[in-house]
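Here is the structure we will look at.
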Amino acid sequence: MRSITKFCGQCSCGCPELFIDATAPDERQVIIVDDFGQRVEMSHDQFGSIVEAAKSGALDSLALVH
């Protein structure tokens, strides 16, 4: 697995991390590991739809403003 980025917030509880596993089946190559070690595996297309939703502002109401 290759680390792409960490999603660190304003806490000291750990950081979720985004990975790519080119050796995994296509539908499981994008992996998000949360700060508790749980994994979400998805395809590049599925992850792309999350990115598009974020870019369009559809996820803005979920963001916490500190």
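Position 1 is the first residue of the sequence, and the numbers go up from there.
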Exercise for the section: Can you tell me which residue pairs pass the salt bridge (charged side-chain N to carboxylate O under 4.0 Å, His left out) test with a partner in residues 15-27, sequence neighbours excluded? Expected result: none
Problem - Full working for side chain to side chain contact (heavy atoms under 4.5 Å, CB included) between I20 and H44 - result: CA-CA 9 Å; I20 298 294; H44 287 272; 3.8 Å; yes
Practice task
Enter the distance from S49:OG to M42:CE here, rounded to the nearest 0.5 Å.
Solution key: 8.0 Å
Exercise for the section: Answer yes or no: is there a side-chain heavy-atom contact under 4.5 Å between I4 and F19? Expected result: no
Problem - Min side-chain heavy-atom separation I32-D34 under 4.5 Å - result: no
Handout entry: salt bridge (charged side-chain N to carboxylate O under 4.0 Å, His left out) partners of residues 45-58, not counting sequence neighbours, each pair once
Key = none
Problem - Donor-acceptor pair, side chain of Q29 and main chain of S43, under 3.5 angstrom - result: no
Practice task
May I ask you to test the I31-L18 pair for a side-chain heavy-atom distance under 4.5 Å?
Solution key: no
Practice task
For R39, check side chain to side chain donor-acceptor pair (under 3.5 Å) against everything at least two apart and list the hits.
Solution key: E41
Practice task
State, yes or no, whether a side-chain contact exists between F7 and C15 at a heavy-atom distance under 4.5 Å.
Solution key: no
